[in-house]
Asker: 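Could you have a look at this structure, given as structure tokens, before my questions?
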Amino acid sequence: MAQPPATTDIVPVKNILERMVFLKDGTLRSVIEVSAVNFDLRSSDEQAALIQQFQGFLNAVDFRMQILIQSRRYDIEQYMQVVEKATDALDNDMLKVQGEEYMRFVRELSDLSNIMSKRFLVVIPLEATVAKDAKSMLGDLKGMFGKKKAAPAPAGPTEEQMQAWQMQLAQRADLVISGLAGMGLRGRLLEQEELVTLYTSLFNPEVPSVKTS
């Protein structure tokens, strides 16, 4: 009976450094978290303007990107603990009763309405290749005419390459963030720790994610 594949073989992420996600296929990703806008509460003219601005934003972007909406059941326990602590600290018995009634109401509402939290993300890709030095290139040429030898382990990216990739991703992120700002949306690049939390929650949906501001 064949053994199931290891988790590391299934997950496409190789490493996460700075604001970059390294995938096993050699490409990079940066992730922008975007604020939301209530489209339904806008007037018809405002809705039409937003749609036109979004079309202009898409036409201005000359690279592929992914728009991702992450939905999770909202965890109210931390909020309820804060309310319970504040209620216990009250000296007024009437206010304590009201606090307990409020907590009961929130729990019943959460159970009935299945409150969801949503995160809006834009994933920016970048093709990355590790340049070979002259010695490695000479070895490849010799290998074409001589006996084949075992392929050496690929060298990691240099500091200069890392900086170049960061700059390219930052330029693309600035273009996306400025385009979103024209629609009244705020965007920001996720940092390393936030990226780790995000990808952990994507591959482990039952693990509660850390809320980011």
Side-chain angles (χ1 to χ4, degrees), residues 7 10-11 13 15-21 29-51 53-54 57 65-124 166 169-170 173-174 176-213:
T7 304
I10 299 174
V11 177
V13 178
N15 200 359
I16 296 178
L17 295 173
E18 302 294 338
R19 295 176 172 180
M20 299 182 294
V21 180
R29 297 290 188 273
S30 280
V31 182
I32 298 174
E33 184 172 21
V34 185
S35 63
V37 60
N38 198 322
F39 187 79
D40 292 333
L41 294 182
R42 301 298 181 96
S43 66
S44 57
D45 290 340
E46 290 175 328
Q47 290 178 351
L50 278 174
I51 293 174
Q53 290 170 344
F54 185 65
F57 162 68
M65 63 181 180
Q66 179 185 14
I67 298 176
L68 175 66
I69 302 176
Q70 185 185 39
S71 298
R72 292 286 186 270
R73 181 179 173 84
Y74 189 76
D75 185 10
I76 65 170
E77 287 308 315
Q78 290 185 348
Y79 173 70
M80 297 304 295
Q81 290 173 6
V82 173
V83 176
E84 183 177 6
K85 185 177 180 179
T87 301
D88 292 340
L90 294 172
D91 296 329
N92 189 305
D93 293 337
M94 183 65 68
L95 292 178
K96 277 193 174 184
V97 171
Q98 291 179 348
E100 292 170 355
E101 289 295 329
Y102 171 74
M103 289 189 291
R104 185 180 300 110
F105 167 75
V106 172
R107 289 191 183 278
E108 291 177 355
L109 179 64
S110 177
D111 293 337
L112 290 174
S113 58
N114 192 24
I115 301 174
M116 304 293 289
S117 64
K118 294 182 180 293
R119 294 182 73 186
F120 301 90
L121 308 165
V122 177
V123 184
I124 302 175
Q166 279 185 309
L169 285 170
D174 288 342
V176 171
I177 291 173
S178 62
L180 294 171
M183 294 178 281
L185 301 173
R186 299 187 307 274
R188 67 179 187 86
L189 274 171
L190 295 185
E191 302 290 342
Q192 179 175 334
E193 184 176 349
E194 295 173 315
L195 289 171
V196 172
T197 301
L198 171 64
Y199 277 86
T200 299
S201 67
L202 289 175
F203 293 105
N204 300 275
E206 299 302 323
V207 177
S209 59
V210 177
K211 184 178 179 181
T212 56
S213 57

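Below, each value reflects all heavy atoms present in this structure, side chains not excepted, and no hydrogens, waters or symmetry copies. Computed from a prediction, not measured in an experiment: that's the story for all the values here.
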Asker: If we only count heavy atoms from C-beta on, is the Q70 to S201 side-chain gap below 4.5 Å?
Answerer: yes

Asker: Given side chains that start at C-beta, do those of F105 and L109 come closer than 4.5 Å, heavy atoms only?
Answerer: yes

Asker: With a 4.5 Å limit on heavy-atom distance, are the side chains of M103 and M80 in contact?
Answerer: yes

Asker: Heavy atoms only: give me the nearest R19-L189 pair and the separation to one decimal.
Answerer: NH1-CD1, 3.6 Å

Asker: So does F54 have more than 12 non-hydrogen atoms from other groups sitting under 6.0 Å from CZ?
Answerer: no

Asker: Is it true that atom CD of E193 has more than 12 heavy atoms of other residues, nucleotides or ligands lying nearer than 6.0 Å?
Answerer: no

Asker: What heavy-atom pair brings V176 and F57 nearest, and what distance separates the two atoms?
Answerer: O-CE1, 3.6 Å

Asker: Heavy-atom distance under 4.5 Å between the side chains of I177 and R188, does that happen here?
Answerer: no

Asker: Are side-chain N/O atoms of Q166 and S30 paired as donor and acceptor at under 3.5 Å?
Answerer: no

Asker: Please round to the nearest 0.5 Å and tell me the distance separating atom CD of Q98 and atom CG of D93.
Answerer: 11.5 Å

Asker: Counting C-beta onward and ignoring hydrogens, is there a side-chain heavy-atom pair between F120 and I67 closer than 4.5 Å?
Answerer: no

Asker: Salt bridge check: are R107 and E77 linked by an N-O gap of less than 4.0 Å?
Answerer: yes

Asker: With V196 as reference, evaluate I16, L190, V21 under the side-chain contact (heavy atoms from CB on, under 4.5 Å) test and give the passing residue.
Answerer: I16

Asker: Nearest 0.5 Å, what's the CZ-CD distance between R29 and Q66?
Answerer: 8.0 Å

Asker: Kindly say whether E191 contributes a backbone atom to a donor-acceptor pair with the side chain of E194 at under 3.5 angstrom?
Answerer: yes

Asker: Is the shortest side-chain heavy-atom distance between N38 and R42 below 4.5 Å?
Answerer: no

Asker: Rounded to the nearest 0.5 Å, what's the gap from CD1 on I32 to CZ on R186? Could you check?
Answerer: 14.5 Å

Asker: Under 4.5 Å between any side-chain heavy atoms of V122 and L68, yes or no?
Answerer: no

Asker: List the steps, then state whether side-chain contact (heavy atoms from CB on, under 4.5 Å) holds for N15 with V13.
Answerer: CA-CA 6 Å; N15 200 359; V13 178; 6.0 Å; no

Asker: To the nearest 0.5 Å, tell me how far E33 CD sits from L121 CG.
Answerer: 6.0 Å

Asker: What distance do L185 atom CG and L50 atom CG have between them, rounded to the nearest 0.5 Å?
Answerer: 7.5 Å

Asker: Salt bridge (Lys or Arg N to Asp or Glu O under 4.0 Å): which pairs involve residues 95-105, sequence neighbours left out?
Answerer: E101-R104

Asker: How long is the straight-line distance from CG of L95 back to OG1 of T87, given to the nearest 0.5 Å?
Answerer: 9.0 Å

